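This is a predicted model, so every value here is computed, not measured. Order of the sequence lines fixes the chain letters, A, B, ..., with proteins taken first and strands second; residue numbering starts at 1 for each chain.
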Amino acid sequence: MTSESRVRTRFAPSPTGHLHVGGARSALFCWAFARRYQGKFLLRIEDTDQKRSSVDASQGFLEDLSWLGIDWDEGPKWKSCGGGDTGPYEQSQRLDIYDRYMQQLLNSGAAYRAFETPDELDAARRQARAEKRAYKYNRASLSLDEATIKSYLDQGRPYVIRFRIPDDQPVVVQDAVLGEVRVEAGELEDFVIRKADGFPTYHFAVVVDDELMGVTHVIRGQEHLANTPKHALLQDALGFTRPVWAHVSLIFNPDGSKMSKRDKDKALRSEVRARGLTAPPDDSDIDTASFEHWLADKHAQLDTDTATRLAQALGVTLPEINVDDFRRAGYLPEVLLNYLALLGWSPGGDLEQFDRAFLADHFDLDRIVKSPAKFDRAKLLAFNLDAIQDMEAVHFVDCLREFCKVYEPSFLDMMTPEQFDCFALSNKERCKTLRDPVDSGRFFILDDLAIEWPDSKPIRKALCKGSPSGFDRLEAVRETLEALQNWNADSLETCLTEWAASHCEEQIGKIAQPLRVAVSGGPVSPPIFDTLAILGRESTLARLDRCIASRSALEGAAT
RNA sequence: GACCCCAUCGUCUAGUCAGGUCAGGACGUCAGGUUUUCAUCCUGAAAACAGGGGUUCGAAUCCCCUUGGGGUCGCCA
C-alpha cells in the first residue's frame, strides 16, 4: 500500500448524550480497521445542530472511548490522543470551509436557495401523507427568477440551500459489506445542505470533511445507508473522490426493538404516562418546566444523573445502553470491546474470545456480518466472568479498587487496605462483574448494629431448623471463636474444621451457614473463613451476639 | 405507504464468495455431578439452514417468488 492510499477512518459522533454501544461498535470497527492497515483513526465532533450540542456530552464520548481502549490519532485533544493537521475537528469551527464549497455548488447550479418555511414544508408533507403519496420536495424554489430571489434576499427572508439532484440517472454505490446498492433516478429529493442558520446539514459537512481529512473508508451504521447515495452525488458534484463505504447492521434489544440511546427516556416516559403524572415526582429534583418539555418531546433526553434520579423516584430499572452504563454495571472494558466486536464481526472458525491486539491484527471488512444482531447480556456476562477468572489476582484487586473509587467509595473508606485486599480476593472466583462484590458484600461495611435477621425461609433454615439448630451451634461455637489466637482465614479454617469434626459430624456446612447468616444477615457471602477474617474478631462476635439475642423473636415468628 | 437492506439452533455466529463432511462453536436452557452459601467448576442432552419454485448427479451455499424482520423518508446526526 502506498502512503497516498494509507487507510484513514473516522468516527464522527454528534455530541448528544453518551456514547451508546452501537456507536462504540462503529468506532471500534473504524479503529480496528485503521490499526490493521497501519492507517490513521480520526475523531470528529459533528456539532452542527446548535440546539442539541453540548460541550459536556463530547467530553463524555472521549472518556468512554478511551475507557474502552480506543485511541484516536487525530481529533480533539484528550490525554495522549488527538491533534493532527486536518482540523479543526469540531464542525462548528469549520463554517467558513463549508461556505466555500457551498458557493462552488451555487455557482455551478448544482445547488440553489429555497425559501419555503418549515411550516409550509410540514403542511406539504402532511398532505402527501393524507393522500398516501410519497413526499418529495417539489422544487418550487428552483424556478424562481433572479429578480425574485434578489428581492427575497433584500427583504432578509430566511432561506436554505438545497442540492439539486441530477435527473434521470440511477445512483449506484459500492458497499464493502453489502455489495452494490442501487437507487433509481427520481427516488431522491433535493435535500437541504445548508440550514437557515447558516450551518451546513450533516450531509454536506460529512462529505466536505471526509474529503478534506482524507478519509478513505467510511464504516458506519446501516441507518446511514439511505443517505449514502446523497453523499455520493454530492461528492461527484464537488469533484471529490468517493470513499469505500462499509455499512454495519444495527444492534437490537433482545425483544427486537432497536437499541437506541433514547431507550432510557422511553422507559421513563412510559412509566410517567402509565402513572398519569403531569409533574415531576417530589424527590426527583427536576424542575417542572424541563420535565414538561421532556415529556412532550420524544426526542428530548435527560442527562444521566437526572434520568437516574427520576428512575429511582419511579422505581424503574434503566436499560444499559451506553458504554458508561456497562462501566457502572461492573463490566471490564476489554470484555465489552470483545463482545462488541463479536456483534457483527467474527474472526472465523470457533474463536470468540480475543483482545484488542488481536483485532488490530486481524480485523477486516470482509468478515462483517450483514444481518442485524441482538444484544445478549447473558453472553456478555459470561465473557466478563471468564475474564475475571483469568485475571492475575493482584490485577483484579486493582480493578475492583478502581471501580470502588469511582462508584462505591464507602468500601474503601470503611475497610483497611488489608481488609479490602482480602475482600477482593475472596470475591474473585465468584463474581461476574465488579459490581457483584459490592452488591452482595454490602453487609461488610454496615455497622454491626445495623445487621438484621428478617424472617425468611433461608434464614430460618440456617438458624432455627434441626436439632441442634443453627442457633444452638452458634451459642456453642462462640467461645471457641473468642478464644482463637490469630484471627485470619487459615486459623479460622483450622479452628472451625476441628470444631465441626467434634460438633457437626465433620459437616462444616452445619456451622458455616449459621455463621454466615449471623454475620451478614442473609444466606450469601464469600467463603465463610474469608468472611469472618475480613470482618475481624470484634465485629464477628458483636454480630454473633446480636444474632443470638434475636433468637426468641425469630423462633416466635416461625411458629 | 414508497424506497433500500437483511434472513443458519432461543441468542451471537462458523460454513455461502470458488455447490459435495451425521450443519461446527459459544451463550442460554434442561438433566446429572463437585462444592460451607451464592457464584463457579465438570459431564451429558435437546436445539437451526423461514416457505415455495427452479439450476444441478448433488443446494444452507447459485437464481426467482413469497413471507418475515429492519432501516430511511427532518432546516437531527
Please list, by residue number, the residues of [range] whose heavy atoms come closer than 4.0 Å to an atom of RNA chain B; answer none if no residue qualifies.
range                       : result
residues 376-390 of chain A : A/Asp376, A/Ala378, A/Lys379, A/Ala382, A/Phe383, A/Leu385, A/Gln389
residues 517-524 of chain A : A/Pro523, A/Val524
residues 218-231 of chain A : A/Gln222, A/Glu223, A/His224, A/Leu225, A/Ala226, A/Asn227

So what does [X] touch, heavy atoms closer than 4.0 Å: a base, only the sugar-phosphate, or nothing?
X        : result
A/Tyr135 : sugar-phosphate
A/Pro13  : nothing
A/Ala373 : sugar-phosphate
A/Lys432 : sugar-phosphate

P spacing across the pair B/C49 / B/U61, given as an integer number of angstrom: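 Straight-line distance between the two P atoms is 12 Å.
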
Gap in Å between the two P atoms, one belonging to B/A60 and one to B/G19, rounded: 14 Å

Within a strict 4.5 Å, meaning less than it, do heavy atoms of the [X] and [Y] side chains meet?
X        : Y        : answer
A/Tyr112 : A/Phe163 : no
A/Val207 : A/Tyr202 : no
A/His247 : A/Thr228 : yes

Can you list everything that forms a ring-ring contact (aromatic ring centres under 6.0 Å, His included) with A/Tyr137? Sequence neighbours excluded, please. none

Quick one: side chain to side chain contact (heavy atoms under 4.5 Å, CB included) partners of A/Val181, sequence neighbours excluded?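 Scan of A/Val181 (side chain to side chain contact (heavy atoms under 4.5 Å, CB included), adjacent residues dropped) gives A/Val173, A/Leu178, A/Leu225.
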
If the condition is side chain to side chain contact (heavy atoms under 4.5 Å, CB included), which residues does A/Glu187 pass it with, not counting sequence neighbours? A/Val183, A/Glu184

Are the charged groups of A/Asp209 and A/Arg10 less than 4.0 angstrom apart, N to O?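 So A/Asp209 does not pair with A/Arg10 through a salt bridge.
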
Indicate the ring-plane relationship of A/Tyr339 and A/Phe383, choosing parallel, tilted or perpendicular according to the 30° and 60° boundaries.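 Perpendicular.
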
To the nearest angstrom, how far is A/Phe204 atom CZ from B/C76 atom P? 16 Å

